[in-house]
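Computed from heavy atoms alone, side chains included, the values below leave out hydrogens, waters and symmetry copies. Order of the sequence lines fixes the chain letters, A, B, ..., with proteins taken first and strands second; residue numbering starts at 1 for each chain.
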Amino acid sequence: VCIHRVRSCSSIRFIKSKYVCVFDKSALKFSHQQRLFRTSAVSCGQIVQFKLSDIGEGITEVTVKEWYVKEGDSVSQFDSICEVQSDKASVTITSRYDGIIRKLHYSIDDIAFVGKPLVDIEIDASKGVASEEDVVETPPMSHEEHTHQEIKGHKTLATPAVRRLAMENNIKLSEVVGTGKDNRILKEDILNYLAKQTGAILPPSPKAEIVPPQRRAEAVPAAPKDKARKIPVPVSRPIAFAGKDKTEPVTGFQKAMVKTMSAALKIPHFGYSDEIDLTQLVQLREELKAVAEMRGVKLSFMPFFIKAASLGLLQYPILNASLDENCQNVTYKASHNIGVAMDTEQGLIVPNVKNVQVCSVFDIAVELNRLQSLGSAGQLGTSDLTGGTFTLSNIGTIGGTYAKPVILPPEVAIGALGKIQVLPRFNSKGEVVKAQIMNVSWSADHRIIDGATMARFSNLWKSYLENPASMLLDLK
Amino acid sequence: MVLQSLKNCLWLPCVLRTPKACLWSTASGGLIIQSVSNDVYQNLAVEDWIHDHMDLEKQQVLFLWRNSPAVVIGRHQNPWQECNLKLLRQKNIKLARRRSGGGTVYHDLGNINLTFFTTRKKYERMENLKLVVKALKALRPQLDVHVTDRYDILLDRKYKISGTAAKLGRTSAYHHCTLLCNADKFVLSSVLKSSFKGLKSNATPSVPALVKNLFEEDPSLTSEMLLDAIAKEYAVQHQIDHHITLINPADETLLPGISDKTKELQTWEWVYGKTPKFSISTCLNMVYKDSVLDVKVNMDVKHGRIEVCNIDLPEQWLPPGLYSELVKSLTGSKFCPNETTTLVTTLLRLCPQDDELHSRWSLLCENMIRLM
């Protein structure tokens, strides 16, 4: 790529820099539309005072309500600059020029006056002045070209840069479909038009475009100009991806997660997993679902899992405990406030069902319904989200079998439930039968919980669920 | 009144690279369209779409729409200042921020919305409102309605039945106004009353007014009749057929890009985040163990997020470490009850398991959240 320093044609009002390549005899022009602001260009730019234009209805002053740009930003023609308000009318002021914002004449809530300067914009380069930077020689342009071509009574809107591109490639703007705002013709539209014409795949534009392997260009219509205007066919281009990284601060829900998880991982976790045969429970739920619906409640599997967990905690209360900061004391919590991990639009929240030890399965279902609807509406209260002593996470509703859940302090145990799958299993007679299998993965605080305790709790919980009738015996 | 589906509408296969914009072109001076949706976000999105994509040079557009219960605030307003957010959430009334200026309104199906689309040059609110008054008088000559210089329409010289707002862009503009036919005045007044004390802001304040429904003046009037009368008058003045074309704001083929516009109008960043900077200076009266604590709270909120937060608690009421954690967490987070609840409940997990501490913390946080 060679850069030629040439003098600009004085009839051009706005000049953009370009790279011109010369290969062999034919000149391949590589049109690279860019707004190149080098420091040398900056000082040579012409500052234009952009005045606030007439709003109509005889209005002389408005209040500036919002700036969309700040000093130093570059703007294109038609970009929004600010929002002003006057007497119930909100007006979007757009830029008339391409350039850099050099000064904002008003602050938010100031009164701005029609006809007075609103912003100072520095335009790329001054007209006709030979500047140090790269300016490209332009072919003699038809001076009849107006800013807006009138075609069939409709205006063609295109920025000077786009018009130039069209001109160099011998394209009539009237033949190009504009996809920009107000049907403005954008650079992409010109390139697409060209691609269709020549069958060539064009080099990637500044916007991210992944270029597929090139095809041979057909005979390019020879333009009757000195330098042939050919679109360069990429020979072997590496796939160029012009995406940009985006950095944003961690706030809100994410901040909460960061805090919780950082504290959680200070707890030495151990895991224990098992497989539960829910065939009988599935059948039971089917029968009870209708009864619950008549009472206006949606009955899922969770109320059963939660109640079974509570029954298990009665036998192994250390899983419903809390260890103090210095690991000096263990507090056995009397209430079984079982948390249910919920996925909302904003992220993970864990409301809990209070006092499961005195709730029936139906009570739990009612409470879950309430928490779920509040959760999805983003209206859970602090009492719903605090006081949990043990947590279950039903990740299986989304998918997965085994998991490694993270304990939520100040609790000491958590269980993650995988999805229910229909799998072949052997029954007591040695026959292969269809079974509804779900996996559970427990994590516990190894400082006060040992593997055996966890295993025994899990076995008890499992037995209640595999044989729901046994829950009846121990229900309080 | 002839209602016509858009599919049957004349379609000019013009060379215009605006197939979307000329879809409704009937090569005449005007077009009347009505939304089939009652969703405030979808309808506001249609306004945006027409404003951004339609060429209004050759034809002007009248858009008729109604919404299920919603509160709509102006572009530069403060929802905390303008309405009772708690009540809105309770009653499941939507909150929307429109792109035009002006004040806050309550919409329900008893209120009709009219949007007059023109080019920027032809923007003329008085003319539009006079058209509405003319239509009303043609329908019911005995109605005492007139336009004020604040662009309101008053009934019996006293009651406001219509409010106005406008949006001007580079080449196009729109003026929309409401018309109270049979809205629920009770909900309207309770929802548009904010109990927020100590809010200081430069956001556009609404000017409260006495309102009345046209239905109360003449029970034979319905929203449909009013819509029709206005459409008829518009047709006459623009010398077009009295056709109302129905449009579905969910139709992406007809209105490419409309679902993105609809989504944007529902984002927190638009509805709350566009609130001009404001500050809160208030006192929480917390009842704690037979005594009342007066806790001064000062906050600066910018883009809907807490920039600065000061809570004046009695010394050692909360352990200093926890207090600074609270302030640090709140800073930069949304001035939003949901987000704050999540943050404070999370912080509670990480502090010592002390019942006394927990109850103080909950008390303070609940009071703080109530502000939002």
B:R125 versus chain A, the contacting section by heavy-atom distance below 4.5 Å: both
Distance-only polar pair, side chains of B:H358 and A:T386, donor-acceptor under 3.5 Å: no
Residue pair B:V344 / A:T382, side-chain heavy-atom distance below 4.5 Å: yes
Segment of A:D384 engaging chain B (4.5 angstrom heavy-atom cut-off): neither
Segment of B:K334 engaging chain A (4.5 angstrom heavy-atom cut-off): neither
Check: A:K259 and B:R349 side chains under 4.5 Å, non-hydrogen atoms: no
Engaged part of A:D109 at the chain B interface, taking heavy atoms whose separation is under 4.5 Å: side chain
Portion of A:K266 that has a non-hydrogen atom of chain B nearer than 4.5 angstrom: neither
Heavy-atom check, side chain of A:Q379 versus side chain of B:R89, under 4.5 Å: yes
Per-residue contact mode, A:L385 against chain B (heavy atom under 4.5 angstrom): both
Within-4.5 Å side-chain heavy-atom neighbours: A:P409 and B:L350: yes
OG1-NZ distance between B:T204 and A:K88, expressed to the nearest 0.5 angstrom: 11.5 Å
Which portion of A:S322 sits near chain B, non-hydrogen atoms under 4.5 angstrom: side chain
Which atoms of A:I108 approach chain B - backbone, side chain, both or neither, heavy atom under 4.5 Å: neither
Interface moiety of B:E366 toward chain A, non-hydrogen atoms closer than 4.5 Å: side chain
Heavy-atom proximity to chain A below 4.5 Å, by part of B:T340: neither
Nearest atoms (heavy-atom pairs only) where B:N202 meets A:K65: O-NZ, 3.0 Å
Option in B:S362, B:S100, B:A166 with maximal non-hydrogen atom pairs under 4.5 Å from chain A: B:A166
Chain A contact via B:R99 - side chain, backbone, both or neither, heavy atoms under 4.5 Å: backbone
Largest heavy-atom contact set with chain A, pairs under 4.5 Å, which of B:E325, B:E339, B:M126: B:E339
Beyond-backbone contact of B:R120 with A:V91, side-chain heavy atoms, under 4.5 angstrom: yes
Residues A:T92 and B:K167: side-chain donor-acceptor under 3.5 angstrom: yes
